[in-house]
Amino acid sequence: MKLKALNGFKDILPGEAELWRQVEDRARDIFARFNFAEIRLPILEKTELFARSIGETTDIVEKEMYTFVDKQITMRPEATASLLRAYIEHGLYVQKPVQRLFTIGPMFRHERPQQGRLRQFHQMDVEILGSANPRVDAELMAMGTMLLSELGLCVSLEVNSLGCPACRPAFRENLLSFLESRQDALCDDCKRRSITNPLRVLDCKKPNCRSIVEDAPSILEHLCPECAAHFSEVQDGLRQLGIDYSLNKFMVRGLDYYCRTTFEFTTTDLGSQSAVCAGGRYDGLVEQLGGPKIPGIGCAMGMERLVLLLLQKEQKIEGPAEMDLFIAGLGDAASRIAFSLMQSLRKEGVRVAMDLDNRGLKSQMKQADKAGARYVLMIGDDELAKNTGMLRNMATQEQQGIPLGDIRILIETTTTGRHV
RNA sequence: GUGGGCGUGGCCUAGUUGGUUAGGGCACCUGGUUGUGGCCCAGGAGGUCGUGGGUUCAAGUCCCAUCGCCCACCCCA
């Protein structure tokens, strides 16, 4: 086997694609309930867009982007930057004070693949631009909760606030001096992190670092009055909407643009990739990208992680799409009639198939069965002589002759009682 | 980038201390029913044992190299 997909790039085969469609349909339904509009975005953008929004020194920008170096363009590693670019470029903020937008599609990061992590992966991305109101934060988390729950998934919601440019520097200093005092006890990774990204030390998974960090200064105790008020109203909103959540003062975001509210829906069933949906507020980002001073908040859901969870739940991948009718033509003459009858029925909206390779009846019945046909129309010499067909109900095994001259009865019988 | 694990027909896999034509299951095709699906039975097609080299009378099995995939670190949806 010479030609194969690239490492970290996956084909989604028909059976699984059906499950993907179910997830996406459910999401679109909920996005509509929450008054979101779809926006479709390009996959390639100028490299600069991601560097400026995600952060020059983040892992994503430093070493994970698929970039055409000579052209200075990059395959998007996430959707928020592209979405804000489009939002600013087309002046969407003048059409409505608050824009609620979603987009679904592939993202690309050159990481080492593992369970729940691919180089091309798919996200459903949701953004609310134009409101700094804490109720918006609560509403967004409520939507995430609703979607995951309607998908039948068991996840937990963790919430934190990262403060804002007014309060974070002071906290950062505080944390830095704390980490310096414990430097010797930290793992090697955390020693490095305390310099490159001190906040990251807070969510190190090593037990030893965890216990050290227990005593670390908490961002929640360093919030400025505005951020503290905002965060308390977010929680108030969550309570009003009946959303279960827990505070996680150690939760940190990987992208630089987040401020104030951040949240993560996590599961214990995905190996080490526990986040199925994560996001937060990014007031100031629109401005940073050259737009007006407009606040925003958003989150992204990882499609393959959702699908993995659904597969684990042994949710049956449904069989082939249901088919209304399979036409079994025996012999050349019958086959010719079947071929054009199939076209007429398809024009009328009937889901029809037939065997085009002149196989025996038994083989054709098998094909019909496998394809999920609810009816089979058999046309052989006997039927041909009378210009009729033998219509068999595959479930009840009843069959009756019906005239071929008038296809209305065929349409009606075979399309009533559809399940899909 | 760093660890660990695994590569046998399309898929899942058996293969004893190296020893005849590499075995089974799923799926596929044909027949049992010369015009009737699912279940059953019989038969059939399908394999450079990831690749290259080495040891040996003999390699799927042992050694070396290489490629690929998976899991974990890291990072993140």
Side-chain angles (χ1 to χ4, degrees), chain A residues 1-2 4-10 13 15 54 58-64 77-80 104-126 144 148 155 187-190 192-193 196-197 200 203-206 251-255 263-267 270-280 298-309 319 326 328-331 334 357 359-384 389-399:
Chain A
M1 187 51 158
K2 226 170 185 173
K4 53 199 305 270
L6 294 172
N7 191 12
F9 290 71
K10 285 273 178 293
L13 301 177
I54 297 168
T58 56
D59 278 17
I60 294 178
V61 171
E62 273 187 345
K63 49 194 188 201
E64 294 174 1
E78 57 111 33
T80 304
I104 301 175
M107 310 294 158
F108 304 84
R109 293 182 199 170
H110 190 100
E111 303 177 271
R112 201 62 157 255
Q114 65 186 68
Q115 179 166 104
R117 189 172 81 182
L118 295 173
R119 289 182 172 169
Q120 173 176 337
F121 58 103
H122 300 77
Q123 288 186 333
M124 300 189 287
D125 191 78
V126 175
L148 294 167
V155 298
C187 71
D188 289 346
D189 280 325
C190 283
R192 176 178 51 80
R193 278 189 281 239
T196 58
N197 191 351
R200 276 248 156 268
D203 69 352
C204 181
K205 284 177 199 116
K206 298 199 174 66
M251 188 174 65
V252 177
R253 307 278 60 223
L255 288 63
F263 59 92
E264 221 173 82
F265 290 89
T266 60
T267 169
L270 274 183
S272 65
Q273 309 302 320
S274 57
V276 295
C277 169
C299 66
M301 281 157 270
M303 294 280 295
E304 23 284 278
R305 291 184 185 179
L306 295 176
V307 169
L308 267 177
L309 287 172
F326 188 97
L330 297 167
D357 296 317
R359 296 197 227 212
L361 179 60
K362 178 171 173 151
S363 169
Q364 297 197 49
M365 291 298 291
K366 278 189 174 178
Q367 290 178 62
D369 189 50
K370 263 182 218 124
R374 293 182 301 119
Y375 289 89
V376 171
L377 182 68
M378 287 169 277
I379 306 174
D381 293 341
D382 295 354
E383 288 78 14
L384 225 45
M390 188 60 79
L391 186 65
R392 176 180 177 88
N393 180 322
M394 292 295 272
T396 65
Q397 305 188 33
E398 292 164 340
Q399 49 190 52

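Letters A, B, ... mirror the listed sequences (proteins, then strands); counts begin at 1.
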Whom does A77(B) pair with, Watson-Crick or G-U wobble, provided both distances fall under 3.5 Å? none
Residues in salt bridge (Lys or Arg N to Asp or Glu O under 4.0 Å) contact with Lys362(A), at least two apart in sequence or another chain: none
Residue list, side-chain contact (heavy atoms from CB on, under 4.5 Å) with Gln114(A), at least two apart or on another chain: Arg117(A), Ser272(A), Gln273(A)
The side chain of Arg117(A) is closest to which nucleotide in this list: G35(B), C73(B), G37(B)? C73(B)
Is there a Watson-Crick or G-U wobble partner for U33(B) with both distances under 3.5 Å, and if so, which one is it? none
Separation of Asp59(A) atom CG from C74(B) atom P, in whole Å? 11 Å
Listed by chain and number, what are the side-chain hydrogen bond (donor to acceptor under 3.5 Å, both in side chains) partners of Glu111(A), not counting sequence neighbours? none
Can you say whether a donor on the side chain of Gln399(A) sits under 3.5 Å from an acceptor on the base of G35(B), or the other way round? no
Below 3.5 Å is the cut-off: list the nitrogen or oxygen pairs between protein and nucleotides 5-13 of chain B, distance only.
none

Sorted by chain and number, sequence neighbours left out, side-chain contact (heavy atoms from CB on, under 4.5 Å) with Ser274(A) holds for Thr266(A)
Without decimals, in angstroms, what is the distance between Lys63(A) NZ and C74(B) P? 12 Å
Suppose you measure atom C1' in G4(B) against the same atom in G18(B); what distance do you get, rounded to whole Å? 28 Å
For Gln120(A), give me all partners under side-chain contact (heavy atoms from CB on, under 4.5 Å), at least two apart in sequence or on another chain. Phe9(A), Pro106(A), Phe108(A), His122(A)
With Glu383(A), which residues qualify under side-chain hydrogen bond (donor to acceptor under 3.5 Å, both in side chains), at least two apart? none
Does the side chain of Pro77(A) reach to within under 4.5 Å of the side chain of Glu64(A), using non-hydrogen atoms? no
Apply side-chain contact (heavy atoms from CB on, under 4.5 Å) to Asp381(A) and Leu330(A), showing your working. CA-CA 7 Å; Asp381(A) 293 341; Leu330(A) 297 167; over 6 Å; no
Which whole-number value in Å describes the distance from Gln115(A) CD to C75(B) C1'? 16 Å
Rounded distance (Å) that lies between atom C1' of C73(B) and atom CG of Asp203(A): 14 Å
Kindly write out the residues that satisfy side-chain hydrogen bond (donor to acceptor under 3.5 Å, both in side chains) with Arg253(A), not counting sequence neighbours, or none if the list is empty. Glu264(A)
Validation row: Arg119(A), His110(A) side chains within 4.5 angstrom (heavy atoms): yes
Just verifying a value: how many Å separate Ile54(A) CD1 and Glu78(A) CD, rounded to the nearest 0.5 Å? 4.0 Å
How far, in whole Å, is G44(B) from G25(B) if one measures between their P atoms? 13 Å
Whole-Å distance separating the CE atom of Met303(A) from the C1' atom of A77(B): 12 Å
Separation between CD (Gln123(A)) and CG (Leu306(A)), nearest 0.5 Å, reads 10.5 Å
Can you find an N or O donor on one side and an acceptor on the other, under 3.5 Å apart, linking the side chain of Arg193(A) with the base of C74(B)? no
Assign Ala275(A) to base, sugar-phosphate, or nothing according to its heavy-atom contacts below 4.0 angstrom with the strands shown. sugar-phosphate
For Asp381(A) and Cys277(A), take the nucleotide of RNA chain B holding the closest heavy atom to each; which residue's nucleotide lies nearer the 5' end? Asp381(A)
Of all residues at least two apart in sequence or in a different chain, which pass the side-chain hydrogen bond (donor to acceptor under 3.5 Å, both in side chains) check with Gln364(A)? none
When the C1' atoms of C41(B) and U17(B) are compared, how many Å lie between them, rounded to an integer? 40 Å
Strictly under 3.5 Å: I want the nitrogen or oxygen pairs between protein and nucleotides 25-31 of chain B, one per line.
unit_1 : atom_1 : unit_2    : atom_2 : d
C28(B) : OP1    : Lys370(A) : NZ     : 2.7

Expressed as a whole number of Å, how far does the C1' atom of C62(B) sit from that of U55(B)? 8 Å
Across the strands shown, which category fits Arg253(A) at heavy-atom distances under 4.0 angstrom: base, sugar-phosphate, nothing? sugar-phosphate
Find the partner of U48(B): check Watson-Crick (N1-N3 plus N6-O4 or O6-N4) and G-U wobble (N1-O2, O6-N3) distances, both under 3.5 Å, and reply none if neither fits. none
Rounded to the Å, how far apart are Met390(A) CE and G37(B) P? 15 Å
Tell me which nucleotide among G35(B), C73(B), A77(B) gets nearest to the side chain of Ala278(A). A77(B)
In Watson-Crick or G-U wobble terms, with both distances under 3.5 Å, the base opposite U20(B) is none
Pair of N/O donor and acceptor under 3.5 Å linking C73(B) base with Arg112(A) side chain: no
Interatomic distance at C1', A58(B) relative to C6(B), whole Å: 27 Å
Rounded interatomic separation in angstrom, taking CZ from Arg119(A) and P from A77(B): 18 Å
Under 4.0 Å, counting only non-hydrogen atoms across every strand here, what does Met378(A) touch: a base, just sugar-phosphate, or nothing? base
So, the side chain of Arg374(A) versus the backbone of Ala395(A): is there a donor-acceptor pair under 3.5 Å, distance only? no
Separation of Leu377(A) atom CG from G37(B) atom P, in whole Å? 17 Å
My understanding is that a pair needs two contacts under 3.5 Å, Watson-Crick or G-U wobble. By that rule, which nucleotide pairs with A59(B)? none
Categorize Glu64(A) for me: base, sugar-phosphate, or nothing, with a 4.0 angstrom heavy-atom threshold over every strand shown. sugar-phosphate
If you measure from the P atom in G7(B) to the same atom in G50(B), how many Å do you get, rounded? 8 Å
Name the nucleic acid region contacted by Leu118(A), choosing base, sugar-phosphate or nothing; use a 4.0 angstrom heavy-atom cut-off, strictly under. base
Using a heavy-atom cut-off of 4.0 Å across all strands, would you classify Leu255(A) as base, sugar-phosphate, or nothing? sugar-phosphate
Categorize Gln114(A) for me: base, sugar-phosphate, or nothing, with a 4.0 angstrom heavy-atom threshold over every strand shown. base
Dump the pairs, protein N or O against N or O of nucleotides 65-69 of chain B, anything under 3.5 Å, distances to one decimal.
unit_1 : atom_1 : unit_2  : atom_2 : d
G68(B) : O2'    : Lys4(A) : NZ     : 3.1
C69(B) : OP1    : Asn7(A) : N      : 3.3
C69(B) : OP2    : Asn7(A) : ND2    : 3.4

Complementary nucleotide of C26(B), counting Watson-Crick and G-U pairs under 3.5 Å: G10(B)
So what does Glu62(A) touch, heavy atoms closer than 4.0 Å: a base, only the sugar-phosphate, or nothing? nothing
Partners passing salt bridge (Lys or Arg N to Asp or Glu O under 4.0 Å) against Asp203(A) (at least two apart in sequence or in another chain): Arg200(A)
Applying the 3.5 Å cut-off to both distances, the Watson-Crick or G-U partner of U2(B) turns out to be A72(B)
Donor/acceptor link under 3.5 angstrom from Glu111(A) side chain onto base of G1(B): no
Earlier contact from the 5' end, RNA chain B, for Pro113(A) and Gly279(A): Pro113(A)
